[in-house]
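Below: the structure, in structure tokens.
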Amino acid sequence: MKQIPASIWTLTVGVVVTLIALWAGRQNIFFPEQASAQAPLVDNFFNLMFMIAVALFLLVAGTVLFFAIYFRQRPGDEGDGIPLEGSFALEAYWTLVPAVIVIFLGVYSVQVFAQMGGFATGGGGGNHLLMSHHRHHHTQLVSHGRDAEAPESQAKYGLGGTEPADVTVTVTGMQYAWIFNYPEGIVSGELHIPVNKTVQLNIKAADVIHSFWVPQFRLKQDAIPGHTTELRFTATKVGAYPIVCAELCGAYHGAMRTQVYVHTQEEYEQWLAANQVAQNSDLSEAVAVQTDQMN
Amino acid sequence: MAQAQIPVSGEYPIGQEQHPAPWKWYDYFTFNVDHKVIGIQYLVFSFVFYLIGGLMAVVMRTELYTPDADLLDPNLYNALLTNHGTIMIFGWVVPAAIGGFGNFLVPLMIGARDMAFPRLNALAFWMLPPAGLLLLGSFLFGGAQSGWTAYPPLSLITANTAQSMWCLSIILAGTSSILGSVNFIVTMVKMRVPSMPWDKMPLFCWAMLATSILALLSTPVLAVGLILLLFDINFGTSFFKPDAGGNVIIYQHLFWFYSHPAVYLMILPIFGIMSEVIPVHSRKPIFGYKAIVGSSLVICMVGLFVWVHHMFTSGTPPWMRMFFTVSTLIVAVPTGVKIFSWMATLWGGKIRYTSAMLFALGLLIMFVIGGLSGVTLGTAPVDVHMHDTYYVVAHFHYVLFGGSVFGLYAGIYHWFPKMTGRMLNERLGKIHFVLTLIGANLTFLPMHILGTQGMPRRVAMYDPQFTQINQICTIGAFVLAFSVIPFLVNVIWSWRWGEKAGDNPWRALTLEWTTASPPIIENWHHLPVVTHGPYDYGRAGQGKAAVTTSGS
């Protein structure tokens, strides 16, 4: 009745679990395409955690199932199990190993967050204005766009940077639309940005809290009435991606969606030129059209 | 001093002849001060609200079967999602776990004749029916529609009457919770039988102690936030009105300072139930008693300092994001200690596949999924993508349904014989378990993908690319709804006609099994004497409740 030694079993289980975890960490079942410089950072960090999670889950679930089957009550056996009350070594082991893992993940997350630009906030343009609760203030919205380069008096939070960005857009969330104000005087219901340029969004809210989210960019920032928040990123792929409101903002929260268009530099300049001419010829009318489209 | 006024374990003998008659069914509908009546009142009340909250979820999932908002008015959808969350937390898990099991079990487990303040206890329970009626009544005024988080300014400008009723309801439920917590702490500190030192107190009681401390520290802060909100809505103040100088972020801090610990309020008692159910049904001493006690207290303390992880995308400065990332991750360590301790308890046991044990094993696996997804969410970089998506919905349903609800079911299957004197039907129990396990995973597992792929939570209409996955979730929700039927049939049938349980059907060693089933009024004729630890399975005199007196 020579059994296979426990160490062989442990080794085999360890190898199998590791292989499955490594494989699982490489499967992209979770994310849509990566369209910003920040997206690969988030995905790689998540996939690392997913890999660890798969390994831990297999170990825990496998052990529970194995114990549940192996140590089941045999017919007719009404006795008790082994009176084992603890083991300092084991308990120290399963306290310290998870502690090391989470501290590693904590430190690593700080690094990833720094790479994403999470610590460089408070720069850029934008101003802090208390907004009205009513949404039909066309001139006010336009003036926000114009004031976008005014000096900042209050610390802003989000993902930002101290260097001036290539493109700065003021974003206003309102029930149930996003309004994008460009320094050039353009007001748009969709976001147009050039590829591979740093984009700074100064985000405001006109009525309730909204949240600006582009899943393909892996970035989200709340739009908060009374605060200006910021979001800085670099889009890396030309295309159109959804902008989704992620904070419950009322009955039609689910319909508060628009698009971000990532253009090549030439396309972007063309769009800028075309819209500057069109909108500056009759400013308030252009805004009114935009607002109506949003409703 | 206070000690003199509390009947500390006094051997005040109640003779058979002068012992009061057992409670009649109608006593359960009155202001009754018996902790066992109150415990059952909590459990039945909360289960009714579980069914109401579950029905709301089924209606929402039906709406989400298609991408368009074609079944419900979107305002009603928001009212349903708000009240589903509120009811499941304040109407089901908290009252069932803390009020129900806590009240029924704590005095029995520590050898006390009742809670320290029986009238306060009854008062705490009777605050809940008006709280529940306020929530249900709010639907006459459209229902609160700003989510269970009730963030201003949305909560200030939507359905004012219903939102005010919602605030009052939560303030009532919170007050009830504070009163209950005081009662539990005093009871455990002052009223253990003299033969029970702290290190022989059952782990469920330790979990209730940690829970009560946490509730006592955090609940008042929620009450403050909601009172300010109520004033903003009704009395013209502007604490949270940005256009009048108010600050909406302050509300989020006040809210989450309570509401993150609230998730530990909903899981710590469940952990306590696990620590009772697993040793009994695997006939093994609990592995690492002191580590489990310590981890409850660590969770209680660290749990007070993680709330900002709900606000990583609010106006939160970078240092705060980092501090709260690390503190959040640390919670995984004591939680892991518990999971590993229960696993080690299984090792070398003689495991009975009772329905209680099946739910406990199911919890182990489900909770690990929820815990691991929680670690990913707790890190700021990933949360910036995942926050407010279906990934979060998936995560908290794994810990709250796969954790809390599985644990409550395990507790019901385990203690129903003690509460009613009748066994539950094991065959129906197993059907219930299998349906619940399949339904829960079918409903909540696909939601992870929905969230990461780009579907926000709390939406009645969504991008059509997510239709198929949503349909799987909806089918799962129907399975979950049906899974309740065998349980309901089982409970109602067994309560009347079930097999008689006897004093100690599981041959368990904690004190509640040393009296009659259901326990007599005042619990014992003569208080029991603790002669062994609560988990001394496999020792001499194994499987026998080694106490000197019995209640029957």
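Throughout, a chain's letter reflects where its sequence line sits, starting with A, and its residues are numbered from 1. These numbers come from a predicted model, not from an experiment.
- Atom-to-atom distance recorded for His253(A):NE2 and Asn78(B):CG is 8.0 Å, nearest 0.5 angstrom.
- The two residues Ala251(A) and Pro74(B) come nearest to each other via the heavy atoms O-CB, 3.3 Å.
- Contact of Glu91(A) with chain B is made through the side chain alone, with heavy-atom distances under 4.5 Å.
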Are Lys284(B) and Leu84(A) close enough, and set up right, to give a side-chain contact (heavy atoms from CB on, under 4.5 Å), and what steps lead you there? CA-CA 7 Å; Lys284(B) 270 277 305 290; Leu84(A) 175 70; 4.2 Å; yes
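- For Leu105(A), the parts sitting under 4.5 Å from any heavy atom of chain B are the backbone and the side chain alike.
- A salt bridge is defined here as a Lys NZ or Arg NE, NH1 or NH2 lying under 4.0 Å from an Asp or Glu carboxylate O, and Asp388(B) with Lys220(A) fails to meet this definition.
- Between Leu372(B) and Phe50(A), the closest side-chain pair of non-hydrogen atoms is not below 4.5 Å.
- Judged by distance alone, with hydrogens and angles left aside, the side-chain atoms of Arg507(B) form a donor-acceptor pair with the main-chain N or O of Glu78(A) at under 3.5 Å.
- Proximity to chain B is limited to the side chain of Trp213(A), based on heavy atoms less than 4.5 angstrom apart.
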Would you please test Phe340(B) and Val60(A) for side-chain contact (heavy atoms from CB on, under 4.5 Å) and show each step? CA-CA 8 Å; Phe340(B) 295 131; Val60(A) 172; 4.1 Å; yes
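- Only the side chain of Arg257(A) comes within contact range of chain B, with heavy atoms under 4.5 Å apart.
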Ring pair (Phe, Tyr, Trp, His ring centres under 6.0 Å) evaluation trace for Phe46(A) with His385(B): CA-CA 10 Å; Phe46(A) 178 85; His385(B) 177 56; 8.7 Å; no
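- For Leu361(B) against Ala68(A), the heavy-atom pair with the smallest separation is CD1-CB, 4.0 Å.
- With values rounded to the nearest 0.5 angstrom, Arg218(A) atom CZ is found 8.5 Å from Thr452(B) atom OG1.
- A distance of 10.0 Å separates CG in Leu48(A) from OG1 in Thr379(B), rounded to the nearest 0.5 Å.
- Considering all non-hydrogen atoms of both residues, Phe45(A) and Val382(B) come closest at CD2-CG2, 3.7 Å.
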Does Leu90(A) form a side-chain contact (heavy atoms from CB on, under 4.5 Å) with Phe287(B)? I'd like the steps, not just the answer. CA-CA 10 Å; Leu90(A) 257 182; Phe287(B) 190 97; 4.1 Å; yes
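- Not a single donor-acceptor pair under 3.5 Å links the side chain of Gln73(A) to the backbone N or O of Ile351(B).
- Of all heavy-atom pairs between Met322(B) and Val110(A), the closest is SD-CG2, 3.1 Å.
- Under a 3.5 Å cut-off, the side chain of Tyr252(A) and the backbone N or O of Met461(B) do not form any donor-acceptor pair.
- Nearest approach of Asp80(A) to Gly538(B), heavy atoms of both residues: OD2-N, 2.9 Å.
- Heavy-atom distances place no part of Pro334(B) under 4.5 Å from chain A, backbone and side chain included.
- Note: Pro32(A) leads Ser211(A), Ala255(A), Pro32(A), Pro98(A) in heavy-atom pairs under 4.5 Å with chain B.
- Below 30°, between 30° and 60°, or above 60°: for Tyr391(B) and Phe30(A) the angle between ring planes is above 60°, a perpendicular geometry.
- Here Thr345(B) contributes atom OG1 and Phe67(A) contributes atom CZ; the two are 10.5 Å apart, rounded to the nearest 0.5 Å.
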Go through it in stages, so that I can follow the logic: the residues are Val102(A) and Val333(B), the test is side-chain contact (heavy atoms from CB on, under 4.5 Å), and I'd like the CA-CA distance, side-chain angles, deciding distance and then a yes or no. CA-CA 8 Å; Val102(A) 298; Val333(B) 177; 3.8 Å; yes
